[in-house]
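One structure below.
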There are 2 protein chains.
Amino acid sequence: MAIERDWRCDDPKQQLIWAAATRDALQVLEGKWKIVIICQLFGAKGPLRFSELEKRVEGVNQKMLIQQLKELEKDGIVTRTVFPQVPPRVEYALSEMGIALGPSMAELIDWAFMRRDARAAVSQDPA
Amino acid sequence: MAIERDWRCDDPKQQLIWAAATRDALQVLEGKWKIVIICQLFGAKGPLRFSELEKRVEGVNQKMLIQQLKELEKDGIVTRTVFPQVPPRVEYALSEMGIALGPSMAELIDWAFMRRDARAAVSQDPA
DNA sequence: CGGCATCCGGGATGATACTG
DNA sequence: CAGTATCATCCCGGATGCCG
């Protein structure tokens with residue numbers, strides 16, 4: 001991983017650069033539903049319609065879903081395709097930059113399962 | 001990665017389980033500063049004092065830092081160690097569960113650099 | 001009917017001053 | 001140094017309406 005060249009080094013200057021890049025990138029993912037949306041777009045193997053996303057991102061409301069999708073589109077993470085039909089059809093997909101988040105999201109989901117299993121084990125065996 | 005067994009499968013039931021685990025885990029990371037805090041704890045090779053975190057998590061204020069740290073501690077991601085001294089000394093470190101986030105955070109930071117470089121290239125070469 | 005915008009209340013977040 | 005208290009601000013959520 002290229003990250004090794006900058007990460008966990010002792011040079012304060014490098015650490016500042018690292019912190020800045022991280023901050024900028026994380027700012028793009030900031031927002032209550034963005035990571036969930038991205039994970040769902042990964043879970044689906046192709047583009048998702050707005051209504052599909054609304055179902056998969058459990059607990060979100062239309063307003064927030066639209067807002068977060070707009071920001072993700074503006075930041076170049078997802079693409080939005082409108083099909084001029086009646087009834088309307090809008091599809092959302094991951095952009096190249098969004099797809100590049102794949103390894104990170106996969107690890108995150110892996111962690112989610114690890115965590116779930118660990119907690120299940122504890123509640124089953126409270127001895 | 002164990003994730004392959006559940007992720008991106010076509011079984012709707014598995015997808016529900018996957019979505020639930022992901023949602024629960026992401027909820028733990030929900031909060032404007034949590035991922036930044038975790039990344040900084042990774043960037044440092046050891047525990048960090050409160051004041052150190054305050055400097056490294058740029059833009060955060062004391063109240064939010066304390067709040068997010070409390071939640072992370074409650075959710076078992078970080079540990080908090082108090083040294084009975086004057087002046088007080090409190091160190092924060094990643095727990096086992098927090099350390100398990102390492103691969104995911106490393107990928108995330110890797111993505112951050114990739115993104116930064118891509119954007120730098122675009123702004124340098126607008127042709 | 002599907003995708004999206006607007007208005008308003010409540011909770012999360014931010015700035016500042018203060019305490020042990 | 002680490003944490004608390006208070007008040008202002010902003011994001012989020014629900015309801016409703018618009019438009020093709």
Side-chain angles (χ1 to χ4, degrees), chain A residues 19 22-24 26-41 44 46-75 77-95, chain B residues 19 23-41 44 46-75 77-95:
Chain A
T22 307
R23 201 169 48 243
D24 291 347
L26 289 181
Q27 197 166 359
V28 167
L29 302 177
E30 193 172 288
K32 185 161 181 179
W33 301 100
K34 290 187 185 172
I35 293 183
V36 186
I37 291 171
I38 293 169
C39 281
Q40 289 296 334
L41 282 175
L48 285 179
R49 298 188 57 164
F50 181 84
S51 51
E52 283 292 326
L53 270 173
E54 202 176 355
K55 274 185 283 183
R56 293 183 183 228
V57 182
E58 193 170 310
V60 78
N61 55 23
Q62 284 193 335
K63 192 189 105 182
M64 288 314 299
L65 185 53
I66 290 173
Q67 180 193 324
Q68 306 269 296
L69 282 170
K70 266 188 184 171
E71 294 184 18
L72 286 173
E73 186 195 4
K74 176 176 64 64
D75 288 326
I77 311 296
V78 307
T79 62
R80 178 173 177 274
T81 309
V82 181
F83 295 85
Q85 300 178 356
V86 177
R89 172 188 187 87
V90 181
E91 283 188 355
Y92 293 89
L94 291 168
S95 70
Chain B
R23 203 168 46 244
D24 291 348
L26 288 181
Q27 196 165 0
V28 168
L29 301 178
E30 192 172 292
K32 184 161 182 179
W33 302 99
K34 291 188 184 170
I35 293 184
V36 186
I37 292 171
I38 293 168
C39 282
Q40 289 295 335
L41 283 175
L48 286 178
R49 299 185 58 162
F50 181 83
S51 52
E52 283 294 325
L53 270 173
E54 201 176 355
K55 273 184 283 183
R56 293 182 183 229
V57 181
E58 193 171 312
V60 77
N61 56 23
Q62 285 191 334
K63 191 186 106 183
M64 287 314 299
L65 184 54
I66 289 174
Q67 179 192 321
Q68 307 267 297
L69 282 170
K70 268 187 185 169
E71 293 184 18
L72 286 173
E73 185 194 5
K74 176 176 64 62
D75 288 327
I77 311 295
V78 307
T79 62
R80 179 174 177 273
T81 309
V82 182
F83 296 84
Q85 301 176 356
V86 177
R89 173 190 187 87
V90 181
E91 282 187 355
Y92 292 89
L94 291 168
S95 70

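Side-chain atoms are counted along with the backbone in the values below, which use heavy atoms only and exclude waters and symmetry mates. In what follows, chains carry the letters A, B, and so on, assigned in the order in which the sequence lines appear, proteins first and then strands, with residues in each chain numbered from 1.
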With rounding to the nearest 0.5 Å, note down the distance linking CD1 in A:Ile77 to CD1 in A:Ile37.
11.5 Å
Across nucleotides 1-13 of chain C, 5' to 3', mark each nucleotide with B, S or - according to how protein heavy atoms within less than 4.0 Å reach it.
-BBBSBB-----B
Less than 4.5 Å apart, side chain to side chain, heavy atoms only: is that true for B:Ile35 and A:Ile35?
yes
Run the salt bridge (charged side-chain N to carboxylate O under 4.0 Å, His left out) test against B:Glu54 and tell me which residues pass, sequence neighbours left out.
none
Residues in side chain to side chain contact (heavy atoms under 4.5 Å, CB included) with B:Val82, at least two apart?
B:Arg80, B:Val90
Scan the side chains in residues 56-73 of chain B for donor-acceptor partners under 3.5 Å anywhere in the protein, sequence neighbours excluded, and list what turns up.
from: B:Glu58; atom 1: OE1; to: A:Arg23; atom 2: NH1; distance (Å): 3.4
from: B:Asn61; atom 1: OD1; to: B:Met64; atom 2: N; distance (Å): 3.0
from: B:Gln67; atom 1: NE2; to: B:Glu71; atom 2: OE2; distance (Å): 3.4
from: B:Gln68; atom 1: OE1; to: B:Trp33; atom 2: N; distance (Å): 3.1
from: B:Gln68; atom 1: OE1; to: B:Lys34; atom 2: N; distance (Å): 3.3
from: B:Glu71; atom 1: OE1; to: B:Lys34; atom 2: NZ; distance (Å): 2.6

Are the side chains of B:Ile38 and B:Leu94 in touch, meaning some heavy atoms are under 4.5 Å apart?
yes
End-to-end axis angle, where each axis spans five pairs of the helix from C:dC1-D:dG20 to C:dG20-D:dC1, to 10°
30°
B:Arg89: which residues meet the salt bridge (charged side-chain N to carboxylate O under 4.0 Å, His left out) condition with it, sequence neighbours left out?
B:Glu91
Which pair of non-hydrogen atoms, one from A:Ala93 and one from A:Leu41, has the smallest distance, and what is that distance?
C-CD1, 4.4 Å
Chain B contact limits on DNA chain D, taken 5' to 3' with a cut-off of 4.0 angstrom to heavy atoms
D:dC1 to D:dT6
Sequence neighbours excluded, the answer for side chain to side chain contact (heavy atoms under 4.5 Å, CB included) partners of A:Ser51 is A:Arg49
